[in-house]
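Heads up: the structure comes next, in structure tokens.
Only this structure's heavy atoms are used, side chains among them; waters, hydrogens and symmetry mates stay out. Residue numbers begin at 1 in each chain, while the letters A, B, ... track the order of the sequences.
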Protein chains: 2
Amino acid sequence: MPETARRADLLPDRRSGTRYGNRPTMKDVAARAGVGLKTVSRVVNGEPGVTADTERRVQEAIEALGFRRNDSARVLRKGRTASIGLVLEDLADPFYGPLSRAVEEVARAHGALLINGSSAEDPDREQELALALCARRVDGLVVIPAGDDHRYLEPEIKAGVATVFVDRPAGRIDADVVLSDNFGGARDGVAHLIAHGHRRIGFIGDMPRIHTAAERLRGYRTAMADAGIPVEDSWTSLGVTDPQRVSRAAEEMLSGPEPVTAVFAGNNRVTVTVVRVLAEHRRPVALVGFDDFELADLLQPGVTVVAQDAAQLGRTAAERLFRQLDGILVTPERIELPTRLIARGSGELPPAG
Amino acid sequence: MPETARRADLLPDRRSGTRYGNRPTMKDVAARAGVGLKTVSRVVNGEPGVTADTERRVQEAIEALGFRRNDSARVLRKGRTASIGLVLEDLADPFYGPLSRAVEEVARAHGALLINGSSAEDPDREQELALALCARRVDGLVVIPAGDDHRYLEPEIKAGVATVFVDRPAGRIDADVVLSDNFGGARDGVAHLIAHGHRRIGFIGDMPRIHTAAERLRGYRTAMADAGIPVEDSWTSLGVTDPQRVSRAAEEMLSGPEPVTAVFAGNNRVTVTVVRVLAEHRRPVALVGFDDFELADLLQPGVTVVAQDAAQLGRTAAERLFRQLDGILVTPERIELPTRLIARGSGELPPAG
């Protein structure tokens with residue numbers, strides 16, 4: 001996403017503590033130039049479809065009013081500090097650390113505060129939290145959804161709350177969403193194990209109702225099908241990612257007369273538990289995990305992962321949120337960021353025996 | 001803190017989404033029983049200083065009104081969902097994950113939402129965020145302070161916002177604070193290295209204006225003095241904890257004609273960087289780090305740490321916050337939680353050479 005990265009670099013690095021008065025808006029520019037809001041948006045964004053004469057009038061209005069596109073004033077509802085809300089899934093999952101921090105950095109560059117909360121993977125709580133943030137007059141919401149029905153946000157969106165979903169798509173509403181390529185990443189990770197000679201490959205993932213978990217399982221099944229390997233039921237295990245459930249699942253796959261020779265771990269919480277199980281295991285077992293994690297390279301062997309760019313997910317989502325607040329984006333889009341396979345040793349082990 | 005832990009277990013596990021009407025308060029109980037608020041508080045908390053007759057009257061009033069001490073209604077300012085704010089230091093530092101989650105769990109047990117924000121170690125931003133949360137009518141604040149002057153919170157505290165500081169003390173106001181024994185933990189960790197034969201021991205820590213960093217340095221100096229070892233200037237390095245600064249500091253201490261034979265790392269961010277530097281180093285160097293971290297036991301050697309109980313810090317702070325909202329606590333207290341040395345190999349290496 002070089003375009004996004006470049007925009008972020010250009011944003012003013014505003015000091016905290018700044019408050020803003022009434023600054024000119026795009027609407028003021030449109031009124032002064034005698035054109036529609038969309039035309040101002042086109043000029044500001046350098047999009048085609050504006051005559052030279054109209055563009056000149058808009059530019060004159062921008063200069064006369066002192067309008068600045070990246071001005072923090074645009075996110076302000078009169079008299080308050082601008083703020084955006086972030087609805088997280090789990091405060092203690094390290095995947096969300098860089099994502100949250102990236103959202104915060106973009107918010108700060110726009111002179112806005114970030115307020116977080118966590119749904120703890122509970123759809124009711126997600127809704128309660130999102131609406132509580134709206135009631136506390138955030139200007140926009142970045143949501144990592146726990147639920148699959150977000151129609152409860154429609155009145156807020158109509159009332160002007162900018163909304164971007166990240167990591168997982170929105171349910172039953174049309175909204176901006178920024179995702180990783182969960183399907184393609186998992187498919188490539190499993191194909192990597194197959195390329196190293198494995199056929200009996202286990203998949204341990206999160207609850208199947210979670211979009212990312214379902215997509216990664218689909219990637220696993222596709223890679224196996226592409227290689228002509230029928231998947232046995234005992235090779236897949238989906239459920240909560242607490243260490244007890246995951247270690248039991250791993251131990252079951254690794255026992256019996258025909259154990260798996262490799263494991264694909266569906267997220268970083270699963271991977272760290274599988275690493276613990278394999279450290280106690282007598283035969284070497286190959287491992288590829290979805291999500292990179294701290295110190296993965298210093299373990300022995302280093303853990304091969306399919307890395308998402310968590311910071312870029314957060315940055316992209318937050319940038320889109322502020323563009324919505326500019327009135328620049330009209331049509332909701334689905335943005336998918338690529339993943340990257342990082343080979344470190346564990347995924348290149350040959351099948352034991 | 002068994003007392004606190006027991007209280008937490010007894011709290012009602014309220015479902016999210018619950019809203020509360022006007023429930024009886026301790027004031028109502030006091031009015032009906034014809035006693036002062038402090039007397040009701042004593043009865044509710046089983047404290048001494050109440051006659052049998054008075055206690056009976058208070059109990060009758062409690063039953064008649066249906067007052068419940070742990071009722072979530074007590075944190076409610078009329079008609080809204082109860083909420084508490086948490087001002088963090090860094091969203092991406094894994095130390096704060098379990099702390100945040102523990103605060104959230106206590107909040108949830110009291111039917112309250114948790115709203116977070118991060119100061120990114122900037123005192124101005126801490127103030128802006130804390131006041132913005134108050135303006136959004138949180139019932140209480142748990143603050144990990146970045147600054148050292150919190151008089152700006154006095155009007156909010158007078159207006160009834162409960163406040164507890166955690167991890168670091170408040171500055172220039174009298175407030176509840178929950179800390180780890182940073183001094184004692186560091187002293188014990190350094191004494192552990194000395195007991196394993198080290199005399200040339202380096203200390204790499206965070207910025208000295210941060211309370212925890214200063215306390216841990218004091219612990220290092222005390223352990224060295226107790227062992228009669230004069231500390232050379234080149235053995236201590238304090239500053240930001242980004243990997244560049246920390247690896248340079250570590251490499252300097254490890255080079256030259258008389259390198260250190262052991263390093264005490266002042267927090268988890270420092271430790272993971274020092275682990276990386278030592279992995280590239282030709283001679284074995286002993287290491288003890290302040291803070292436990294994920295996978296520390298699976299590295300080779302396992303990393304010896306002085307562990308804080310981050311979850312217990314958060315839980316204790318949040319419990320005190322809700323007790324303040326009960327009107328139960330009157331005098332601010334300073335609670336210090338013990339640390340625990342966990343020997344895993346890196347801290348037991350003998351001096352090289």
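In this structure, A/Ile115 CD1 and B/Leu114 CG are separated by 11.5 Å, a value rounded to the nearest 0.5 Å.
Within 6.0 Å of CG in A/Asp148 there are 12 or fewer heavy atoms belonging to other residues, nucleotides or ligands.
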Could you walk me through whether B/Arg125 and A/Arg108 pass the side chain to side chain contact (heavy atoms under 4.5 Å, CB included) check? CA-CA 10 Å; B/Arg125 194 152 175 93; A/Arg108 192 173 193 177; 3.3 Å; yes
Could you walk me through whether B/Leu295 and A/Val272 pass the side chain to side chain contact (heavy atoms under 4.5 Å, CB included) test, one step at a time? CA-CA 8 Å; B/Leu295 300 173; A/Val272 297; 4.1 Å; yes
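When each of B/Leu129, B/Leu133, B/Leu99 is checked for heavy-atom pairs under 4.5 Å with chain A, B/Leu129 comes out on top.
Side chains of B/Leu299 and A/Gln300 form no contact here, defined as non-hydrogen atoms less than 4.5 Å apart.
With 3.5 Å as the limit, one finds no donor-acceptor pair spanning the side chains of A/Ser118 and B/Arg101.
Along residues 84-96 of chain B, the residues that come nearer than 4.5 angstrom to chain A, judged on non-hydrogen atoms, are B/Asp90, B/Leu91, B/Ala92 in order of number.
A salt bridge between B/Arg276 and A/Glu294 is absent, with no side-chain N of the basic residue lying under 4.0 Å from a carboxylate O of the acidic one.
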